[in-house]
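What follows is a set of notes on a single structure, which appears directly below.
Within every chain, numbering begins at 1; the chains are lettered A, B, ... in the order of the sequence lines, protein sequences first and strands thereafter. Atom set for the values below is all heavy atoms of this structure, side chains included, hydrogens, waters and symmetry mates excluded.
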There are 2 protein chains.
Amino acid sequence: MKELIEKYKERGFKLTPQRLAILKFLDGNTSHPTADDIYRQIKKDYPTVSFATVYNTLQMLQKKGEVAEITIDHQKKHYDPNPKPHHHIICISCNKIGDVFEDYSEALRLPYHIEEEFKPVGSHINFYGICRGCQKKHKRRN
Amino acid sequence: MKELIEKYKERGFKLTPQRLAILKFLDGNTSHPTADDIYRQIKKDYPTVSFATVYNTLQMLQKKGEVAEITIDHQKKHYDPNPKPHHHIICISCNKIGDVFEDYSEALRLPYHIEEEFKPVGSHINFYGICRGCQKKHKRRN
DNA sequence: ATTTAAATTAGAATAATTCTAATCTAGTAA
DNA sequence: TTACTAGATTAGAATTATTCTAATTTAAAT
Ligand SMILES: [Mn+2]
Ligand SMILES: [Mn+2]
Ligand SMILES: [Zn+2]
Ligand SMILES: [Zn+2]
């Protein structure tokens, strides 16, 4: 967090209250918020904040590698404030997202004919499942 | 293909020329078209076809498990006419999509604390890479 | 205090997808 | 063949996420 602020200043970016609020919200946040989630949170303290600011800040942070977009929902983008490579598990019922910090890279060898066509640079796994809460809900219905 | 048409009729769905054209376009298609790709193709033969028809048909086919949505592009949905479970590799430069028919499920064991929270039902891997064409382009630039 | 490049803002623009309500038609049965 | 009708198609409007724009404000350097 502090380092992030320092990095900011070093690189000649202005540290505005809105940005600071966004940084604070994201720092250590293990949820996977959408732009709208962030917007609504920041709006509590800065009622005039605009979506443009949220999107601009997210784009900057993305370029700096501090947050990552995750590709799980076609409706809206989700952002991951944890830039360390990891995977995700999504509840197919309520869309709850969990982190999976497990390195599968050794096991994910590509078939030879694919490696001829693509030079691999990384991978990301989406696990699907049903979360505790939703399992209970389903049981109750029966 | 024929089976698909039969299945259609059996289930009491009408087989319209537009739907048939969409089915034909998708049959054996190893690309991963968007609704717009399909729309433009069908429009060649049926100039009055509407987006609603394309989306409706895709939704039906999805419900029947004949096509799958793939989650790789936040801009637009891509559809996969091959419903057999498989993974994908995406060129980070031109977004070309390739199929990866390799079963990694044995290797993808989830950590215990995740299995406590989620009952797993499946997984999908996005590999990222740089395709032949894009590798060449990059070299040329240097 | 002044300056100014960068950031913020409200609101417009864009683009993918879904919805709506009127019209049409595939398939059935007289 | 003809008539019927549930379901399909259509044009265009609505919705929604994201990006763009141009005017205004501000952080931070001087
Ligand atoms: Mn995560
Ligand atoms: Mn595929
Ligand atoms: Zn759930
Ligand atoms: Zn490429």
Side-chain angles (χ1 to χ4, degrees), chain A residues 4-25 32-64 66-79 95, chain B residues 4-25 32-64 66-79 95:
Chain A
L4 197 52
I5 293 171
E6 288 313 313
K7 273 195 224 168
Y8 246 89
K9 295 196 171 178
E10 277 169 30
R11 301 201 194 185
F13 293 119
K14 290 184 184 172
L15 190 63
T16 65
Q18 294 90 335
R19 273 191 186 166
L20 191 60
I22 295 173
L23 291 179
K24 276 185 186 160
F25 176 67
H32 297 83
T34 63
D36 190 57
D37 294 333
I38 298 167
Y39 173 71
R40 268 148 54 189
Q41 182 59 37
I42 304 310
K43 213 174 164 75
K44 288 180 188 167
D45 287 331
Y46 299 91
T48 69
V49 76
S50 78
F51 261 109
T53 296
V54 173
Y55 279 111
N56 287 344
T57 303
L58 285 168
Q59 271 172 27
M60 289 192 53
L61 290 170
Q62 250 186 99
K63 273 185 201 147
K64 293 176 33 138
E66 303 288 343
V67 310
E69 262 178 47
I70 46 180
T71 313
I72 33 172
D73 183 344
H74 328 257
Q75 204 81 47
K76 28 182 116 169
K77 292 182 185 171
H78 288 253
Y79 294 87
N95 298 314
Chain B
L4 197 51
I5 293 171
E6 287 315 311
K7 272 196 225 166
Y8 246 89
K9 295 195 171 176
E10 277 169 28
R11 300 200 195 186
F13 294 117
K14 290 183 184 174
L15 191 61
T16 65
Q18 294 90 335
R19 272 190 187 169
L20 190 59
I22 295 173
L23 290 179
K24 277 184 186 161
F25 176 68
H32 298 83
T34 62
D36 189 57
D37 294 335
I38 299 168
Y39 173 71
R40 268 147 56 188
Q41 182 59 36
I42 304 311
K43 212 173 165 82
K44 288 179 187 168
D45 288 331
Y46 300 90
T48 67
V49 75
S50 78
F51 261 110
T53 296
V54 173
Y55 279 110
N56 286 344
T57 303
L58 285 169
Q59 270 172 28
M60 287 193 53
L61 290 170
Q62 251 187 98
K63 270 184 203 149
K64 293 175 34 139
E66 302 289 343
V67 309
E69 262 178 44
I70 47 179
T71 314
I72 34 172
D73 183 343
H74 327 255
Q75 206 79 48
K76 29 182 115 169
K77 290 180 185 171
H78 288 254
Y79 293 88
N95 298 315

Does [X] reach a base, just sugar-phosphate, or nothing at all? Heavy atoms under 4.0 Å.
{"X": "A/Thr53", "result": "base"}
{"X": "B/Pro47", "result": "nothing"}
{"X": "A/Phe51", "result": "nothing"}

Assign each of B/Phe13 and B/Gln75 the nucleotide of DNA chain C bearing its closest heavy atom; nearer the 5' end lies the nucleotide of B/Gln75

Would you kindly compare B/Lys77 and A/Ser50 by the position of their nearest DNA chain C nucleotide and give the one closer to the 5′ end? A/Ser50

Which nucleotide in [options] has an atom nearest any side-chain atom of [X]:
{"X": "A/Arg19", "options": "C/dA7, C/dA10, C/dT20", "value": "C/dA7"}
{"X": "B/Ala52", "options": "C/dT18, D/dT10, D/dC20", "value": "D/dT10"}
{"X": "A/Thr48", "options": "D/dA27, D/dA8, C/dA10", "value": "C/dA10"}
{"X": "A/Tyr55", "options": "D/dA8, D/dT19, C/dA7", "value": "D/dT19"}
{"X": "A/Gln59", "options": "D/dT19, C/dT17, C/dT8", "value": "D/dT19"}

From [atom1] ([X]) to [atom2] ([Y]), nearest 0.5 Å:
{"X": "B/Gln18", "Y": "B/Asn56", "atom1": "CD", "atom2": "CG", "value": "11.5 Å"}
{"X": "B/Leu20", "Y": "B/Tyr46", "atom1": "CG", "atom2": "OH", "value": "6.5 Å"}
{"X": "B/Gln59", "Y": "B/Glu69", "atom1": "CD", "atom2": "CD", "value": "8.5 Å"}

Do A/Thr34 and A/Asp37 have side-chain N/O donor and acceptor atoms under 3.5 Å apart? yes

Nearest-Å distance for atom pair [atom1]/[atom2], residues [X] and [N]:
{"X": "B/Lys63", "N": "D/dG7", "atom1": "NZ", "atom2": "P", "answer": "13 Å"}
{"X": "A/Ile42", "N": "C/dT8", "atom1": "CD1", "atom2": "P", "answer": "11 Å"}
{"X": "A/Asp73", "N": "C/dA16", "atom1": "CG", "atom2": "C1'", "answer": "14 Å"}
{"X": "A/Tyr39", "N": "C/dT8", "atom1": "OH", "atom2": "P", "answer": "14 Å"}
{"X": "A/Leu61", "N": "C/dA7", "atom1": "CG", "atom2": "P", "answer": "12 Å"}
{"X": "A/Leu20", "N": "C/dA7", "atom1": "CG", "atom2": "P", "answer": "15 Å"}
{"X": "A/Lys43", "N": "C/dA10", "atom1": "NZ", "atom2": "P", "answer": "7 Å"}
{"X": "A/Asn56", "N": "D/dT26", "atom1": "CG", "atom2": "P", "answer": "17 Å"}

Please compare A/Asp36 and B/Val49 by the position of their nearest nucleotide in DNA chain D and report the one closer to 5'. B/Val49

Can you find an N or O donor on one side and an acceptor on the other, under 3.5 Å apart, linking the side chain of A/Lys76 with the base of D/dT18? no

Ignoring hydrogens and angles, are the base of C/dA6 and the side chain of A/Lys14 linked by a donor-acceptor pair under 3.5 Å? yes

Donor-acceptor contact below 3.5 Å, side chain B/Arg19 vs main chain B/Thr57: no

Short question: side chain of A/His32, backbone of A/His78 - any donor-acceptor pair under 3.5 Å? no

D/dT26 OP1/OP2 closer than 4.0 Å to side-chain N/O of A/Thr16: no

